[in-house]
There are 2 protein chains.
Amino acid sequence: MTASTATDTATAVLRRCREIVTPGLRAAVARLDPASREQASYHLGWTELDGSPGNGGGKAVRPALALLSAEAAGATAAAGLPGAVAVELVHNFSLLHDDLMDGDTERRHRRTVWAQWGAPSAILTGDALLALAVEVLLEAESPHAARAAWLVTGTTRELIRGQAEDIAFERRTDVAVDECLAMAAGKTGALLAVSAEVGAVLAGADAALTAALRTYGAELGAAFQLVDDLLGIWGDPAVTGKPVLSDLRSRKKSLPVTYAVHHGGTAGRDLARWLTGTGTDTEPELRRAAALVESGGGRDWAAAEARRRMSLAEKALAGVELPDVTRAELVALGRHLTDREF
Amino acid sequence: MTASTATDTATAVLRRCREIVTPGLRAAVARLDPASREQASYHLGWTELDGSPGNGGGKAVRPALALLSAEAAGATAAAGLPGAVAVELVHNFSLLHDDLMDGDTERRHRRTVWAQWGAPSAILTGDALLALAVEVLLEAESPHAARAAWLVTGTTRELIRGQAEDIAFERRTDVAVDECLAMAAGKTGALLAVSAEVGAVLAGADAALTAALRTYGAELGAAFQLVDDLLGIWGDPAVTGKPVLSDLRSRKKSLPVTYAVHHGGTAGRDLARWLTGTGTDTEPELRRAAALVESGGGRDWAAAEARRRMSLAEKALAGVELPDVTRAELVALGRHLTDREF
């Protein structure tokens, strides 16, 4: 499969899945109390602050995985719908709380909920989305709904662990690469893993298939985080929507940075000094730091590790029976999400 | 039943139930990520900031209701244990988030989690307790575990609605008594209602019994809030642990205040002016405001309404079959919680 074929397939899959999940997501959000509903609708991109219609939400990658996972089990996408709605609600619960914790006033060039309505609103609306996610899943017409809900709540705690570690790492100077990978497995991998599994669980798939799908999602999550960290340094601001060299500007101990610090010899030691120093954020200085990450091997390692993780993801799928079309769609979606330019 | 008999029975019930629920609660909290575990253990009163053992937690009213509700259905208290653990976790999730939203730096003369560890910690630990509550309930060895979990997540959204309204009311001057009661039904009543029902649900009780227990918990919740609001004005600081006249100091639109404003004639109008004014918080001025609530009928109404709600609670129990000893314990517990001095 060429990169452009993967993109075409992935784009079509994402569009199809978004059409299936959006009515379910809207029906779920309509059940919220008025304040949470208003803020969630804005956050999801359905309405603007003046009440006019929004430009729609994000790519909805997690719902797409959930729907494909039902199809992987030989069921219809509809069988995975409560799972798709639930993982998107959990994802947005975490975004609402993370934006507040990180003090981010903008997301995708729009004001964040806490910046607009205040911290209590972001806390309460996030809480409501988490509770609603479980409710929706427990209402699924599947004898496996309770197991799916249990997986999602366990995943939520993994996500929380990852975010707590991420915050703790900001105050530490000795974070190892393995710790960083474990943090990303919680913060990014856990929800992608359960997304890739939940539809199959609802459809009553056997343990071999759900385990393979879970591994696919977890490895995709690791690859995605590595690529995201590369884009945080070398990404084109026009594509990422973030300032140039943004993760260096914030002195983020991302995966390529952490690798270079520990395994980059002289360049790594220079980088470590720069990270704890009080240098200015001029572009030449940030470019010099990026060069240290690169000469310390961080860029090459992260790119190779992302490829290795994606091949583990695809290998997991190769070991189980699933419809050819679904396998191709999962592979295309994974490649599309991790073959970004950096 | 005399007041002192009710107190003796209630004290014994609370002690017995605390002994049953504490090991389950400790086992649940032990599953949390290290940061959440440390903060939850402190918040629950099990450890102090220096790592020494704490003086134990609160009364654990909600777990007691959950265990009694299993017994009401003819099962053992143990059948209600996952429900008891879950409602206590949800209660503490809401306390962690509420303390942050309300900016309270102390709870029961101890620093609050957000004041000690920062806002992100209180948010994440609260989130983790909510997710864990559902997990524990879904692991219950009952064919009705999923229904119990669904009830608890719906209740959580009611609780969130109540808290959101409470915050919104602070900025309004026209809050009606009915709105105030509806807010309290969410913020206080919903979790007591599900606590009184969840054990019976897990034990497979019929709809008539679970509905009666739910009504008992909801009415107890209303009575409890009315009494709490009375204590917030006329309570003895040595008993309540709050400053004298504390709810007037904070200009809280509590139930007796709201009643007096709307139905208290001249006194009510004077009170409304005082609430929106910029007066000082001297004790004579606060005492004058308390006198306006009283002459406006707020104190008598709240006391009578609390009694009426408790009699509705007891009436709900009178209409269904349950073991005599459990009925007596539920009645005694309710009276103990609402027969406080004010």
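In the text below, chain A, chain B and the rest are named by the order of the sequence lines, each starting its count at 1. If you're wondering where the values come from, they're calculated on a predicted model, not measured in any experiment.
- The candidate with the highest count of non-hydrogen atom pairs below 4.5 Å against chain A, out of B:Val152, B:Asp33, B:Val134, B:Ile160, is B:Ile160.
- Geometric assessment of A:Arg111 against the ring of A:Tyr42 yields a negative cation-pi assignment under the 6.0 Å and 45° thresholds.
- Using a 4.5 Å cut-off between heavy atoms, B:Leu132 contacts chain A through both its backbone and its side chain.
- Looking only at heavy-atom pairs under 4.5 Å with chain A, the residue among B:Leu138, B:Asp102, B:Leu32, B:Thr155 that has the most is B:Leu138.
- Other residues, nucleotides and ligands contribute at most 12 non-hydrogen atoms within 6.0 Å of the CH2 atom of B:Trp150.
- Contact of B:Arg147 with chain A is not made at all, since no heavy-atom distance falls under 4.5 Å.
- The backbone N or O of B:Leu275 lies less than 3.5 Å from no partner atom in the side chain of B:Lys253, so there is not a single donor-acceptor pair.
- Taking a cutoff of 4.0 Å between a charged side-chain nitrogen and a carboxylate oxygen, A:Glu48 and A:Arg110 qualify as a salt bridge.
- Heavy-atom distances place no part of B:Ala119 under 4.5 Å from chain A, backbone and side chain included.
- With hydrogens and angles ignored, the 3.5 Å screen pairs a side-chain donor or acceptor of A:Arg37 with a backbone N or O of A:Ala30.
- Note on A:Thr156, A:Leu100, A:Thr125, A:Asp127: by heavy-atom pairs under 4.5 Å with chain B, the leading option is A:Asp127.
- The parts of A:Leu124 that come within reach of chain B are both its backbone and its side chain, each placing non-hydrogen atoms under 4.5 angstrom from that chain.
- Residues B:Lys187 and B:Glu165 are not paired through a salt bridge, judged by the lack of any N-O separation under 4.0 Å between the basic side chain and the carboxylate.
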